[in-house]
Colleague: 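Handing you this structure, nothing more for now.
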2 protein chains.
Amino acid sequence: METIEVLDPFTGYDIFKLACPSRRVLDRIADRWTALVLFALQDGTLRFSELRRRIEGVSQKMLTQTLRGLERDGLVTRQVFATVPVTVEYSLTPLGASLSSTIQGIRTWAYTHIDEMDAARDAYDSGAGAKA
Amino acid sequence: METIEVLDPFTGYDIFKLACPSRRVLDRIADRWTALVLFALQDGTLRFSELRRRIEGVSQKMLTQTLRGLERDGLVTRQVFATVPVTVEYSLTPLGASLSSTIQGIRTWAYTHIDEMDAARDAYDSGAGAKA
DNA sequence: CTGTATCCAGTTGGATACTG
DNA sequence: CAGTATCCAACTGGATACAG
């Protein structure tokens, strides 16, 4: 029983190990809302309610939860203004901006390849897949 | 009650709408294993058991399920060889390879920025966060 | 070896109600 | 406005058993 090791030539990490930093980053982005929030803040600061309206489908709970997580990881800053009622503004930190532009590639990929994905899915569903 | 619209200047899509293609792509990648499988297959074809051993932590069920999804979307091909016992090989399609190299950026980002994320997290947890 | 099927615990996430 | 708290349904995903 040999162990497979795939070490990154530069960092020495093995991305496939549980302890690899990539896992933590992947886990952070791998939910329905995080990437969307990062994208939404790319164009600049937004208030809570603006984010909520812009990202179709987020519940208040999930938006709050997502923003807390991003804030915790230093990707987003939260600024409270003592107005009545209170105003809260969110923006990307430099770190958040760099991650955001990194995953921006996915967005571009989606636009250019979604037709192929859809076609493949249709073919699969009416062929090798469900033979119903 | 005005609606916020953020149309992509080139595609005319609004990424923040539920129907936007990006959502579907995001949803496909946004689980614990998909990205890892795509990465694992970047270096070439692998058998089921090789994938399983390489990706630390996947259960058989999840690996199968993830591979089926990838196959369905035309990102991975599955080849069965009638050996005894049976051999199954998985490889990336051109489409899968292009997505894989797109999200490769996340992996690189993780290696270069994980320290900042960890530091921010520690600071948050011992400060503004849990005041315990 | 490469699955499929089933059971079940744990997590996710929406709806709702309430607060400063 | 920007949350927090609670309840609960639905989904995720691991463990186990079995099959071609």
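Naming convention: chains lettered A, B, ... in sequence-line order (proteins, then strands); numbering from 1 in each chain.
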Colleague: Heavy atoms only: give me the nearest A97(B)-L92(B) pair and the separation to one decimal.
Modeller: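 The answer is CA-CD1, 3.8 Å.
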Colleague: D122(B): what forms a salt bridge (charged side-chain N to carboxylate O under 4.0 Å, His left out) with it, not counting sequence neighbours?
Modeller: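 Counting only residues at least two positions away or on another chain, D122(B) forms no salt bridge (charged side-chain N to carboxylate O under 4.0 Å, His left out).
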Colleague: R32(A): which residues meet the salt bridge (charged side-chain N to carboxylate O under 4.0 Å, His left out) condition with it, sequence neighbours left out?
Modeller: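 Here no residue qualifies.
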Colleague: Whole-Å distance between dA5(C) C1' and R68(B) CZ?
Modeller: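 Going from R68(B) (CZ) to dA5(C) (C1'), I get 14 Å.
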Colleague: Report the residue from V58(B), L67(B), L75(B) that forms a side chain to side chain contact (heavy atoms under 4.5 Å, CB included) with V37(B).
Modeller: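 Of the listed residues V58(B), L67(B), L75(B), the side chain to side chain contact (heavy atoms under 4.5 Å, CB included) partner of V37(B) is L67(B).
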Colleague: Could you tell me which residues satisfy side-chain hydrogen bond (donor to acceptor under 3.5 Å, both in side chains) with W33(B), sequence neighbours excluded, listed by chain and number?
Modeller: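 For W33(B) there are no side-chain hydrogen bond (donor to acceptor under 3.5 Å, both in side chains) partners, ignoring immediate neighbours.
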Colleague: Give one of base, sugar-phosphate or nothing for R52(A), where a contact means two heavy atoms less than 4.0 Å apart.
Modeller: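 Since no nucleic acid heavy atom lies under 4.0 Å of R52(A), the category is nothing.
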Colleague: Just do the side chain to side chain donor-acceptor pair (under 3.5 Å) check on Q42(A) and S100(A) with the steps written out, would you?
Modeller: CA-CA 7 Å; Q42(A) 254 177 1; S100(A) 187; 2.8 Å; yes
Colleague: Of all nucleotides in DNA chain D with an atom under 4.0 Å from a non-hydrogen atom of chain B, which is the first and which the last going 5' to 3'?
Modeller: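 Using the under 4.0 Å cut-off, the span is dG13(D) to dG20(D).
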Colleague: Please enumerate all residues that pass side-chain hydrogen bond (donor to acceptor under 3.5 Å, both in side chains) together with T34(A), with sequence neighbours excluded.
Modeller: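 For T34(A) the side-chain hydrogen bond (donor to acceptor under 3.5 Å, both in side chains) partners, ignoring immediate neighbours, are D31(A).
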Colleague: Tell me: CD of E71(B) to P of dT2(C), nearest whole Å?
Modeller: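 Atom-to-atom, E71(B) to dT2(C), this comes out as 15 Å.
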Colleague: Not counting sequence neighbours, which residues clear side-chain hydrogen bond (donor to acceptor under 3.5 Å, both in side chains) with R28(A)? List them please.
Modeller: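 Expected list: D73(A).
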Colleague: For R47(A), give me all partners under salt bridge (charged side-chain N to carboxylate O under 4.0 Å, His left out), at least two apart in sequence or on another chain.
Modeller: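 Checked R47(A) against salt bridge (charged side-chain N to carboxylate O under 4.0 Å, His left out); zero matches.
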Colleague: Going by the rule salt bridge (charged side-chain N to carboxylate O under 4.0 Å, His left out), which residues pair with R72(B) if we only count those two or more places apart in sequence or in a different chain?
Modeller: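 R72(B) satisfies salt bridge (charged side-chain N to carboxylate O under 4.0 Å, His left out) with D125(A) only.
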Colleague: If every non-hydrogen atom of G57(B) is compared with every non-hydrogen atom of L18(A), which pair is closest and at what distance?
Modeller: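 Taking every non-hydrogen atom into account, CA-CD2, 4.4 Å.
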Colleague: Measuring to OP1 and OP2 of dC1(C), would you say a side-chain N or O of Y90(B) lies under 4.0 angstrom away?
Modeller: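 Result: no.
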Colleague: Measure from CZ on F48(B) to P on dG3(C) and round the result to the nearest Å.
Modeller: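 Checked: the CZ to P distance equals 6 Å.
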Colleague: For DNA chain C, determine which residues of residues 77-87 of chain B have any heavy atom closer than 4.0 angstrom to one of its atoms, and list them numerically.
Modeller: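 The answer is R78(B), P85(B), V86(B).
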Colleague: Under the side-chain hydrogen bond (donor to acceptor under 3.5 Å, both in side chains) rule, collect the residues that match up with S59(A), sequence neighbours excluded.
Modeller: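 Counting only residues at least two positions away or on another chain, S59(A) forms no side-chain hydrogen bond (donor to acceptor under 3.5 Å, both in side chains).
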Colleague: Roughly how bent is the helix from dC1(C)-dG20(D) to dG20(C)-dC1(D) end to end, in steps of 10 degrees, with each end axis from five pairs?
Modeller: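 The angle, to the nearest 10 degrees, is 50°.
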Colleague: How close do L36(A) and F16(B) get, heavy atom to heavy atom, and via which atoms?
Modeller: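 Heavy atoms of L36(A) and F16(B) come nearest at O-CE2, 3.4 Å.
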Colleague: Pairs under 3.5 angstrom, nitrogen or oxygen only, protein versus nucleotides 11-13 of chain C, please.
Modeller:
| from | atom 1 | to | atom 2 | distance (Å) |
| --- | --- | --- | --- | --- |
| dG13(C) | N7 | K61(A) | NZ | 3.1 |

